[in-house]
Amino acid sequence: MKRVITYGTFDLLHYGHIHLLRRAKQLGDYLIVGLSTDEFNEIKGKKAYFSYEQRKLLLESIKYVDQVIPEESWEQKVRDILSYNVDIFVMGDDWKDKFDFLNNYCEVVYLQRTLEISTTKIKMDIKEYYDI
Ligand code: C2G
């Protein structure tokens, strides 16, 4: 039973997120998502459109996702990896090298981001399309 974990805000859920979650799940048998809380997003300098509860509902509806836990700090990853017996830590490669220190606790895998889509692009395109 290989357990995989990944983290993120997953705001305005889109196919880039789904590709990431599908590939992360394919690396093991059980996928945990550390979902950034609204408070942690403030620390990250992000303001999500959907609240934590709304983003959690969306993620829990995805067949690749087995469990959603709150991500409240940068420091919790080691504790999560140990307490959830995680074998593989996965992030999109925009984070390449940033989490290599976790190699002491589990396998670290960076997956290629899905190009041409992002929450920021969605917001910009909608603004332009509706001329708002
Ligand atoms: N992602 C992707 N392709 C995209 C957009 C996002 O593969 N077009 C991936 C990101 O690389 C990340 C995950 O989807 O692995 C979630 O993306 P974000 O919500 O933007 O994550 P971020 O805000 O970078 O939070 O502690 C880690 C942070 O919480 C990561």
Side-chain angles (χ1 to χ4, degrees):
M1 171 84 160
K2 263 201 177 179
R3 299 163 66 83
V4 184
I5 197 165
T6 190
Y7 293 83
T9 299
F10 294 95
D11 192 28
L12 299 185
L13 196 66
H14 55 68
Y15 62 89
H17 296 135
I18 302 300
H19 285 321
L20 189 283
L21 294 169
R22 176 176 47 74
R23 287 174 293 157
K25 179 60 178 282
Q26 282 170 351
L27 293 172
D29 310 286
Y30 189 87
L31 175 61
I32 302 167
V33 178
L35 182 61
S36 309
T37 60
D38 297 329
E39 296 74 15
F40 183 51
N41 273 329
E42 269 182 56
I43 295 170
K44 286 175 24 178
K46 278 192 156 183
K47 180 148 180 34
Y49 178 77
F50 288 126
S51 70
Y52 174 77
E53 285 308 319
Q54 290 162 340
R55 290 180 284 117
K56 181 170 182 286
L57 173 67
L58 286 161
L59 278 184
E60 286 175 339
S61 310
I62 299 170
K63 65 181 179 181
Y64 306 120
V65 176
D66 296 290
Q67 182 177 8
V68 178
I69 62 172
E71 181 188 31
E72 299 166 297
S73 74
W74 290 113
E75 297 76 29
Q76 73 181 76
K77 292 183 176 70
V78 172
R79 192 178 67 238
D80 291 345
I81 286 165
L82 296 174
S83 58
Y84 290 96
N85 297 315
V86 168
D87 302 290
I88 309 171
F89 168 87
V90 175
M91 284 304 293
D93 60 5
D94 46 317
W95 291 92
K96 188 150 179 46
D97 306 327
K98 301 287 188 309
F99 296 111
D100 288 357
F101 67 94
L102 294 174
N103 263 312
N104 298 319
Y105 304 95
C106 67
E107 194 182 338
V108 175
V109 175
Y110 300 103
L111 298 173
Q112 188 182 10
R113 269 178 78 92
T114 304
L115 304 177
E116 101 281 333
I117 184 73
S118 69
T119 305
T120 308
K121 183 177 184 326
I122 293 170
K123 287 177 185 172
M124 283 164 46
D125 287 355
I126 287 176
K127 196 165 183 301
E128 190 184 326
Y129 182 77
Y130 291 102
D131 192 23
I132 43 180

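Start at 1 and go down the list; that is how both ligands and their atoms are numbered.
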For this session: Check the surroundings of atom OH in Y130: do more than 12 heavy atoms from other residues, nucleotides or ligands lie under 6.0 Å from it?
Result: no
Exercise. In the protein, what heavy atom is nearest to atom 11 (O) of ligand 1, and what distance, to one decimal place, separates them?
Worked result: D94 OD1, 2.7 Å
Exercise. For ligand 1, which atoms have a heavy atom of I117 less than 4.0 angstrom away?
Worked result: 4 (C), 8 (N)
Problem set entry | Nearest neighbour in protein (non-hydrogen) for atom 24 (O) of ligand 1 | W95 NE1, 2.9 Å
Exercise. For atom 5 (C) of ligand 1, which protein heavy atom lies nearest, and how many Å away is it?
Worked result: R113 NH2, 3.4 Å
Problem set entry | From CG (L21) to NE2 (H19), nearest 0.5 Å | 11.0 Å
For this session: State whether the number of non-hydrogen atoms from other residues, nucleotides or ligands found under 6.0 Å of K44 atom NZ is greater than 12.
Result: yes
Exercise. Does K123 NZ have over 12 foreign heavy atoms under 6.0 Å away?
Worked result: yes
Problem set entry | Heteroatom proximity flag, F10 to ligand 1, N/O under 3.5 Å | yes
For this session: Kindly confirm or rule out an N or O of E71 lying under 3.5 angstrom from an N or O of ligand 1.
Result: yes
Exercise. Are K77 and Y7 in a cation-pi contact, defined as NZ or CZ under 6.0 Å from the six-membered ring centre and within 45° of the axis?
Worked result: yes
For this session: Give the residue and atom name of whichever protein heavy atom lies nearest to atom 15 (O) of ligand 1, and the separation in Å to one decimal.
Result: G92 N, 2.9 Å
Problem set entry | Under 3.5 Å: N/O of T6 near N/O of ligand 1 | no
Problem set entry | Region of H19 that comes within reach of ligand 1 [heavy atoms, distance under 4.0 Å] | neither
For this session: Within a distance under 4.0 Å of any heavy atom of Y7, pick out the atoms of ligand 1 and give their elements.
Result: 26 (O), 27 (C), 30 (C)
For this session: First locate atom CG of D97, then atom CG of D100, and finally report the distance between them rounded to the nearest 0.5 Å.
Result: 5.0 Å
Problem set entry | Nearest protein heavy atom with distance in Å, relative to atom 18 (P) of ligand 1 | K46 NZ, 3.8 Å
For this session: Would you please determine whether S118 falls within less than 4.0 Å of ligand 1 on a heavy-atom basis?
Result: no
Exercise. Is the shortest N/O to N/O distance between T9 and ligand 1 below 3.5 Å?
Worked result: yes
For this session: Only counting residues at least two apart or in another chain, list the ones meeting ring pair (Phe, Tyr, Trp, His ring centres under 6.0 Å) with F40.
Result: W74
Exercise. Do any nitrogen or oxygen atoms of F99 come within less than 3.5 Å of a nitrogen or oxygen of ligand 1?
Worked result: no
Seminar exercise, completed: ligand 1 to S36, heavy atom cutoff 4.0 Å, flagged ligand atoms 29 (O)
Problem set entry | Close N or O approach (T114, ligand 1; < 3.5 Å) | yes
Exercise. Just how far is it from atom NZ of K63 to atom CG of L31, taken to the nearest 0.5 Å?
Worked result: 13.5 Å
Problem set entry | Top protein contact for atom 9 (C) of ligand 1, by heavy-atom distance | L20 CG, 3.9 Å
Seminar exercise, completed: K44 heavy atoms within 4.0 Å reach ligand 1 at atoms 22 (P), 23 (O), 25 (O), 28 (C), 29 (O), 30 (C)
For this session: Report the residues that fulfil ring pair (Phe, Tyr, Trp, His ring centres under 6.0 Å) with F101, sequence neighbours left out, ordered by chain and then residue number.
Result: none
For this session: Kindly say whether I32 contributes a backbone atom to a donor-acceptor pair with the side chain of R3 at under 3.5 angstrom?
Result: no
For this session: Pull out every atom of ligand 1 sitting under 4.0 Å from any heavy atom of K77, numbered as shown with elements.
Result: 26 (O), 27 (C)
Problem set entry | F99 CZ: over 12 foreign heavy atoms closer than 6.0 Å | yes
Exercise. Between W74 and ligand 1, does any nitrogen or oxygen pair lie at a separation below 3.5 Å?
Worked result: no
Exercise. Does a sphere of radius 6.0 Å around CD in E116 hold more than 12 heavy atoms from other residues, nucleotides or ligands, not counting ones at 6.0 Å or beyond?
Worked result: yes
